[in-house]
Protein chains: 2
Amino acid sequence: MKEIARLADVSLGTVSNVLSGLSTVREPLRQRVLEAVQALDYQPNQLARGLRRDKTNIIGMIISDISNPFFPAVVKGAEDTAFKNGYRLFLCNSDNDFAKEETYLHELQTYLPSGLIIMTSNINGSPALADAYRKAGSAVVYVDRLPPLWTGDTVTSMNEQGAYDATKYLIDLGHRRLGMITGSSTRTNSDERVQGFRRALREAKITISPEYVQEGYFEKQSGYANATTLLKLLPRPTAIFAANDLMAFGALTAIRDMGLRCPEDVSVIGFDNLDLAEIVTPALTSVDQSGYQLGAVAAQLIADRIRGDKEPKHTHVLPTALKLRASVAPALIDFETTVKKARGKPAKRSR
Amino acid sequence: MKEIARLADVSLGTVSNVLSGLSTVREPLRQRVLEAVQALDYQPNQLARGLRRDKTNIIGMIISDISNPFFPAVVKGAEDTAFKNGYRLFLCNSDNDFAKEETYLHELQTYLPSGLIIMTSNINGSPALADAYRKAGSAVVYVDRLPPLWTGDTVTSMNEQGAYDATKYLIDLGHRRLGMITGSSTRTNSDERVQGFRRALREAKITISPEYVQEGYFEKQSGYANATTLLKLLPRPTAIFAANDLMAFGALTAIRDMGLRCPEDVSVIGFDNLDLAEIVTPALTSVDQSGYQLGAVAAQLIADRIRGDKEPKHTHVLPTALKLRASVAPALIDFETTVKKARGKPAKRSR
DNA sequence: TTGAAAGCGCTAACAA
DNA sequence: TTGTTAGCGCTTTCAA
């Protein structure tokens, strides 16, 4: 910057004013400065600028597991929107390791980012740290998974409704013995999906015993293992709703490995509508949520906050949509259940 | 930091010395400082530290497309290794947009990172910028895709050999009419895979006309489109080698959509050995490359460089391995070709 | 409208 | 062994 000042024969302050675009610098001077900037291929030192301004153009984004194929879309949405608004997205992958998440959270803050987008790996842990960001003047948004204690801005999908829609679809096709593979119970999005599943059952007056809802952890192997457990239950479920696509993929493999067929013997629905849902065989029916939108809305929220939005709290909930594919078929006429009903009803009446 | 100095009743310099761990501070003082650090939950301002030290603990990583499912493994490998060495990985996604890559490259540099790991989106563009990093004292490694003009450290997989192995495997199974879907020609890794393919053909004295090698761009749709083109050729290829798994997935769909069967009518091999290669139907035979290792080696290279490694140039080339799955079958006895040979040979002799 | 100068939080050279 | 101080590159008063 000194060099520029020398080359353009102005003071440091003038160079700064030109670069900040803010001030009232006379045109000839401005030109000289800009030429010097060009000539020297100057880039302002963001470290010094940030130190002085008490704020950088960084938006930090913490994600819990970059391997989960749902996340890239979220990152892309956040990235695009942040970039357009002049911010740079710095991604930190916590690898589902909460200690790592804390380290990143602590350290990232000392880079004085303008904002923080966080898909936490532990909904019980971070709000205190995130609050420190807010106190320091950074905008914070939780995305996808919300710690109950968090009182600030959030962006999520309609998890409950999406799960409800998927379950209702199965019920409408005649399925009565439904199984579900949930995500980890430390994730609110999983809980909401379970609630949607249960609401649909309740409305249809279907009761299932607890072992028909198995807890997984959002990964393929977990879908495989839990589907295997579900399919060994008697009576066997005719349909499985998995809380995400990865687990649904695992379920498809489990079904095949047990000598069963999807959808003839067991229907499967996932959640996320990953690109791959179309590729697997059979193509997977899935609840679509827009990861891109999730990220884009979060980044926009931060940009707005920085520009002075003072609303007490934004709570964005984005719509989902059921994508119908080949992994679901109508339930076969269910002899066993029919017989039981026939036996059961008189018994009920006789009370 | 001032507060700490006050609380521990020492000077700023002493606090700094304790925090840097370097100096000879008497134990009682050291304790007082550390207690104060605890009490105030102090985190050093990395902006100020970086500005002063002329270097931060950031390793920047630029990837061209976070949606490509091969990349997360690379990122994870880099992340783990960087973190263990005390560096923080900041990821920038250029979205295959070279202008964006340039912007990130320019701006990231002014954060004075210790290192830069780059999977470029354009092998012709960035070495000049990357050289600026080296001049500024940051270690730079190119991963996966290497600009020909780059003279520094690199980490890649054995693309040529992997492709050779895959092709030879097909040839050994009797395939003679082979098709290939390449990646974009601006990527060196794609070129190397084409070379491996051609070497195997050459060694087996198989010649194919140019239209049996179609140029794709590493995405699923591109695999679909190019496979469709290949399968319309006469004689139809009995096997297709795709330069990555995503394109191979597209090819599988194309085969099905044309009413053909894999592997009975057409065998398919991909490259990358994504997790999903096991999930698709039929399970995809693929050349495995370790993304995790690619990233880990790159990050280690940077850590070593920062610690003073002065070797002129490191060129790591990691092994690949062919993973056999259901998408390949032996070639059927090939009547058409046999007839041609029978006709051709006498003709040749008569010359 | 422009220039001079203080200071952001930290490190490192030097003095005590 | 500890304290003092200059200064990293920039922004932002304030004065000219």
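Protein chains get the first letters and strands the later ones, always in sequence-line order, with residue 1 at the start of each. Quick caveat: nothing in here was measured; it's all calculated off a predicted structure.
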Asker: For residues 58-66 of chain A, which side-chain N or O atoms pair as donor and acceptor with protein atoms under 3.5 Å away, sequence neighbours left out?
Answerer:
unit_1: A:Ser64; atom_1: OG; unit_2: A:Arg145; atom_2: NH1; d: 2.8
unit_1: A:Asp65; atom_1: OD1; unit_2: A:Ser67; atom_2: N; d: 2.9
unit_1: A:Asp65; atom_1: OD1; unit_2: A:Ser67; atom_2: OG; d: 3.4
unit_1: A:Asp65; atom_1: OD1; unit_2: B:Lys76; atom_2: NZ; d: 3.4

Asker: From OH of B:Tyr111 over to P of D:dG9, roughly how many Å is that when rounded to an integer?
Answerer: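 Spelled out: OH on B:Tyr111 to P on D:dG9 is 16 Å.
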Asker: End-to-end bend of the helix from C:dT1-D:dA16 to C:dA16-D:dT1 (five-pair axes, 10° rounding)?
Answerer: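 One end axis against the other gives 50°.
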Asker: Counting primed atoms plus P, OP1 and OP2 as sugar-phosphate and everything else as base, spell out the protein contacts along nucleotides 10-16 of chain C at 4.0 Å heavy-atom distance: B, S or - for each nucleotide, 5' to 3'.
Answerer: BBB----
Asker: Is any side-chain N of the basic residue among B:Glu35 and B:Arg32 closer than 4.0 Å to the acidic one's carboxylate O?
Answerer: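 Looking at B:Arg32 together with B:Glu35, the answer is no, because their closest N to O distance does not fall below 4.0 Å.
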Asker: Do A:Asn189 and A:Asn159 meet the criterion of a side-chain donor-acceptor pair at a distance under 3.5 Å?
Answerer: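 No - no donor-acceptor pair under 3.5 Å links their side chains.
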Asker: How close or far is atom C1' of D:dT12 from atom NZ of A:Lys55, stated in whole angstroms?
Answerer: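 It is 18 Å, rounded to the nearest whole Å.
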Asker: With respect to the side chain of A:Leu29, which nucleotide from D:dT2, D:dG9, C:dT2 is positioned closest?
Answerer: C:dT2
Asker: Is it true that A:Thr110 and B:Gln43 share a donor-acceptor pair across their side chains at a distance under 3.5 Å?
Answerer: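 Note: B:Gln43 and A:Thr110 side chains miss the donor-acceptor criterion.
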Asker: Just so I know, are the side chains of A:Arg88 and B:Cys92 near enough to count as touching, which here means a heavy-atom distance under 4.5 Å?
Answerer: no
Asker: Show every donor-acceptor pair shorter than 3.5 Å between a side-chain atom in residues 4-13 of chain A and any protein atom, with sequence neighbours excluded, or say none if there are none.
Answerer:
unit_1: A:Ser11; atom_1: OG; unit_2: A:Gly13; atom_2: N; d: 3.4
unit_1: A:Ser11; atom_1: OG; unit_2: A:Thr14; atom_2: N; d: 3.3
unit_1: A:Ser11; atom_1: OG; unit_2: A:Thr14; atom_2: OG1; d: 3.2

Asker: Quick one: label B:Leu47 by what it contacts on the DNA or RNA (base, sugar-phosphate, nothing), any heavy atom closer than 4.0 Å.
Answerer: nothing
Asker: Nearest whole Å is fine: how far is D:dG9 P from B:Gln109 CD?
Answerer: 13 Å
Asker: A:Gln31 CD to C:dT2 C1': how many Å, rounded?
Answerer: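 Taking CD of A:Gln31 and C1' of C:dT2, I get 17 Å after rounding.
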Asker: Say whether B:Glu107 and A:Asn57, considering side chains only, have a donor N or O and an acceptor N or O under 3.5 Å apart.
Answerer: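 Per modelled atom types, B:Glu107 and A:Asn57 side chains form a pair under 3.5 Å.
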Asker: Please name all residues satisfying side chain to side chain contact (heavy atoms under 4.5 Å, CB included) with A:Asp54, sequence neighbours left out, ordered by chain then number.
Answerer: A:Leu112
Asker: Let me check something: any side-chain donor-acceptor pairs from residues 291-306 of chain B under 3.5 Å, sequence neighbours excluded? List them with distances.
Answerer:
unit_1: B:Tyr292; atom_1: OH; unit_2: B:Asp80; atom_2: OD2; d: 2.5
unit_1: B:Gln300; atom_1: NE2; unit_2: B:Asp304; atom_2: OD1; d: 3.1
unit_1: B:Arg305; atom_1: NE; unit_2: B:Asp153; atom_2: OD2; d: 2.7
unit_1: B:Arg305; atom_1: NH1; unit_2: B:Asp309; atom_2: O; d: 3.1
unit_1: B:Arg305; atom_1: NH1; unit_2: B:Glu311; atom_2: O; d: 2.6
unit_1: B:Arg305; atom_1: NH2; unit_2: B:Asp153; atom_2: OD1; d: 2.8
unit_1: B:Arg305; atom_1: NH2; unit_2: B:Asp153; atom_2: OD2; d: 3.1
unit_1: B:Arg305; atom_1: NH2; unit_2: B:Glu311; atom_2: O; d: 3.0

Asker: Quick check: on DNA chain D, is the nucleotide nearest B:Val10 upstream (toward 5') of the one nearest B:Leu51, or the reverse? Name the residue that is more 5'.
Answerer: B:Val10
Asker: Rounded to the nearest angstrom, tell me the gap between atom CG in B:Leu40 and atom P in C:dG9.
Answerer: 14 Å
Asker: Return the value, rounded to whole Å, for the distance between atom CG of A:Asp9 and atom C1' of C:dG3.
Answerer: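 So the two atoms are 12 Å apart, to the nearest Å.
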Asker: Counting only side-chain N and O atoms of A:Ser11, is one of them less than 4.0 Å from OP1 or OP2 of C:dT2?
Answerer: no
